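In the text below, chain A, chain B and the rest are named by the order of the sequence lines, each starting its count at 1. Note that the structure is predicted; figures quoted are calculated from it, not measured.
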2 protein chains.
Amino acid sequence: MADSSTQGGETLLFLTDEQLRKGIEAMFFAYRGFTADPDRILDKHGYGRAHHRAIHFINREPGLTVTTLLSVLGVTKQSLNRVLRTLIDDGLVESRVGRKDKRARHLHLTPTGEALERELSGAQRERMRGAYRTAGPQAVAGFRQVLEAMMDPEMRRHYQMLKDDS
Amino acid sequence: MADSSTQGGETLLFLTDEQLRKGIEAMFFAYRGFTADPDRILDKHGYGRAHHRAIHFINREPGLTVTTLLSVLGVTKQSLNRVLRTLIDDGLVESRVGRKDKRARHLHLTPTGEALERELSGAQRERMRGAYRTAGPQAVAGFRQVLEAMMDPEMRRHYQMLKDDS
DNA sequence: TTGGAAAGTCAACAACACTGACATAAAGTC
DNA sequence: GACTTTATGTCAGTGTTGTTGACTTTCCAA
């Protein structure tokens, strides 16, 4: 390995600007691939990435409130509302008034919404699966570690909240 | 490690949907962090992410043509032109007519452009460096492998073209 | 009962992508 | 030399997704 050397248990990293730049470019190019498949599907249905993100997290945490979703996505409520509005009107998302707190709206996917979610995440999981297989299990662990370390603290909180079952 | 097991040299991957979803979410949250620092700097200067990307690749490959940049960035010429126009007008990028082929424009950063590039990439490299240190050298290798495997073939070509000196 | 949180909406605006059409110059080909 | 293709640039229009700011309604909780 060119970027590291081990010396008596201690590990040294030789991080040249060149290597850091490669990491930056890897993120850029990989993210394009990461979004390419869902983008094609979304286009067919007349939706965009913002719809995908909303659908993803509603599926992940059924019944989450608008405020929670807002903070996970890190956008303004006006921006989310536009997206949520179309998803609700189109019958993909259901907004239920809270039983305890009647101000809060709890979001759920309808069967139609779940169908689109499966279509989207299926494509994305396929790509992720392929990348994992190609790179191997050690690589996968490292991949997740670096990404987690790259997040802003608040985003890391959200990420860790949606923790593995494992 | 929960996602892998080693058995006599052979390594098996147990890729549950849950684990793939975590990978997807890691990409989403990490990409936000990845762009957060440059976004703040760009905002101060009145530029956006598109300007950053152009500056990055012009710096990486000085003298590259518009067509090459177009294909690396994967956007339309109209979209790139808007961005390039402002960078040239503001004196950050220089467009030189080709010596051999006079149709081609070769792009270079001016000293001012290089200064902004350093500011942007400095912030981004710092975050990348921090993540690398936290995750360790083995993680770094895996990170790059998975990302590379995730790219579309054409993007991977571009990525590999800008290969390490190492 | 009053303060503030949660949700929703209206309007305006900006960044950044797209399509389609068209213009110009220069290179390559027959 | 005529013709085609390539490289670049530009104009106009459109769509998605984000922003700020202002304002309302609902309703929990002290």
Side-chain angles (χ1 to χ4, degrees), chain A residues 28 31-32 35-36 38-58 63-90 93-108, chain B residues 28 31-32 35-36 38-58 63-90 93-108:
Chain A
F28 171 67
Y31 199 76
R32 301 209 125 229
T35 54
D39 279 356
R40 272 187 289 274
I41 295 166
L42 288 159
D43 202 59
K44 281 195 310 183
H45 294 260
Y47 295 119
R49 266 183 217 179
H51 300 89
H52 183 189
R53 293 197 281 261
I55 288 172
H56 175 96
F57 288 108
I58 295 171
L64 89 177
T65 64
V66 172
T67 304
T68 306
L69 184 54
L70 229 39
S71 119
V72 170
L73 295 176
V75 297
T76 58
K77 68 177 169 174
Q78 293 91 329
S79 192
L80 175 59
N81 206 260
R82 199 185 321 125
V83 167
L84 227 38
R85 189 73 265 136
T86 70
L87 290 175
I88 292 169
D89 290 351
D90 294 357
V93 168
E94 200 189 335
S95 170
R96 299 183 196 156
V97 174
R99 278 198 311 116
K100 274 188 59 180
D101 185 340
K102 288 178 192 165
R103 289 169 307 178
R105 301 303 144 91
H106 298 272
L107 304 169
H108 298 263
Chain B
F28 170 67
Y31 200 77
R32 301 209 124 227
T35 54
D39 280 355
R40 272 188 289 274
I41 296 165
L42 289 159
D43 202 59
K44 280 195 311 183
H45 294 262
Y47 295 120
R49 263 183 220 180
H51 300 88
H52 183 189
R53 293 195 282 261
I55 287 172
H56 174 96
F57 287 108
I58 294 171
L64 89 177
T65 65
V66 172
T67 305
T68 306
L69 184 53
L70 230 37
S71 119
V72 170
L73 295 177
V75 297
T76 59
K77 69 176 168 175
Q78 294 91 329
S79 193
L80 175 60
N81 205 260
R82 197 189 324 123
V83 167
L84 226 39
R85 191 73 266 136
T86 70
L87 290 175
I88 292 170
D89 290 350
D90 294 357
V93 168
E94 199 190 334
S95 171
R96 300 183 196 154
V97 174
R99 278 198 311 117
K100 274 188 59 179
D101 187 338
K102 289 177 192 164
R103 293 169 305 177
R105 300 303 143 92
H106 298 272
L107 304 170
H108 297 263

Which atom pairs link the protein and nucleotides 23-30 of chain D when you take only N or O atoms and keep those under 3.5 Å?
residue, atom, partner, partner atom, Å
D:dC28, OP1, A:Lys102, N, 3.2

> CZ of B:Phe28 to NE2 of A:His52: how many Å apart, nearest 0.5 Å?
Replying inline: 10.0 Å
>> What's the separation between atom NE2 in B:His45 and atom CG in B:Asp90, rounded to the nearest 0.5 Å?
In response: 11.5 Å
Take the protein atom [atom1] of [X] and the nucleotide atom [atom2] of [N], then report the distance between them rounded to whole Å.
{"X": "A:Asp43", "N": "D:dT16", "atom1": "CG", "atom2": "P", "answer": "9 Å"}
{"X": "B:Arg53", "N": "C:dC16", "atom1": "CZ", "atom2": "P", "answer": "8 Å"}
{"X": "B:Asp89", "N": "D:dG9", "atom1": "CG", "atom2": "P", "answer": "12 Å"}
{"X": "A:Leu84", "N": "D:dG18", "atom1": "CG", "atom2": "P", "answer": "12 Å"}
{"X": "A:His52", "N": "D:dG18", "atom1": "NE2", "atom2": "P", "answer": "13 Å"}
{"X": "A:Leu64", "N": "C:dA6", "atom1": "CG", "atom2": "C1'", "answer": "14 Å"}
{"X": "A:Leu80", "N": "D:dT17", "atom1": "CG", "atom2": "C1'", "answer": "12 Å"}
{"X": "A:Tyr31", "N": "C:dA17", "atom1": "OH", "atom2": "P", "answer": "14 Å"}

Would a 4.5 Å heavy-atom cut-off, applied to side chains only, mark [X] and [Y] as touching?
{"X": "B:Leu87", "Y": "B:His51", "value": "yes"}
{"X": "B:Ile58", "Y": "B:Leu84", "value": "yes"}
{"X": "A:Val83", "Y": "A:Val75", "value": "no"}

Mind checking [X] for me? I need base, sugar-phosphate or nothing, with any heavy atom below 4.0 Å counting as a touch.
{"X": "A:His106", "value": "nothing"}
{"X": "A:Arg49", "value": "sugar-phosphate"}
{"X": "A:Arg82", "value": "base"}

> For the side chain of B:Asn81, counting heavy atoms from C-beta on, which of D:dG9, C:dG8, D:dT17 is nearest?
Replying inline: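 Taking heavy atoms from C-beta onward, the closest nucleotide is D:dG9.
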>> If you only use heavy atoms from C-beta on, which nucleotide in D:dG18, C:dA17, D:dT19 is closest to the side chain of A:Thr76?
In response: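 Per side-chain heavy atoms of A:Thr76, the pick is D:dT19.
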> Backbone N or O of A:Leu73 within a donor-acceptor pair of the B:Arg32 side chain at under 3.5 Å?
Replying inline: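 Such a contact is found between B:Arg32 side chain and A:Leu73 backbone.
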> So which one's nearest nucleotide on DNA chain D is more toward 5', A:Tyr47 or B:Thr68?
Replying inline: B:Thr68
>> Side chains of A:Thr68 and A:Thr65: any donor to acceptor distance under 3.5 Å?
In response: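 Their side chains do contain a donor-acceptor pair, which is all the 3.5 Å distance test asks for.
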> Is any side-chain nitrogen or oxygen of A:His51 closer than 4.0 Å to OP1 or OP2 of D:dT16?
Replying inline: no
>> Whether the side chain of B:Gln78 and the base of D:dG13 hold a donor-acceptor pair under 3.5 Å is what I'd like checked.
In response: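 Flag unset: no donor-acceptor pair detected.
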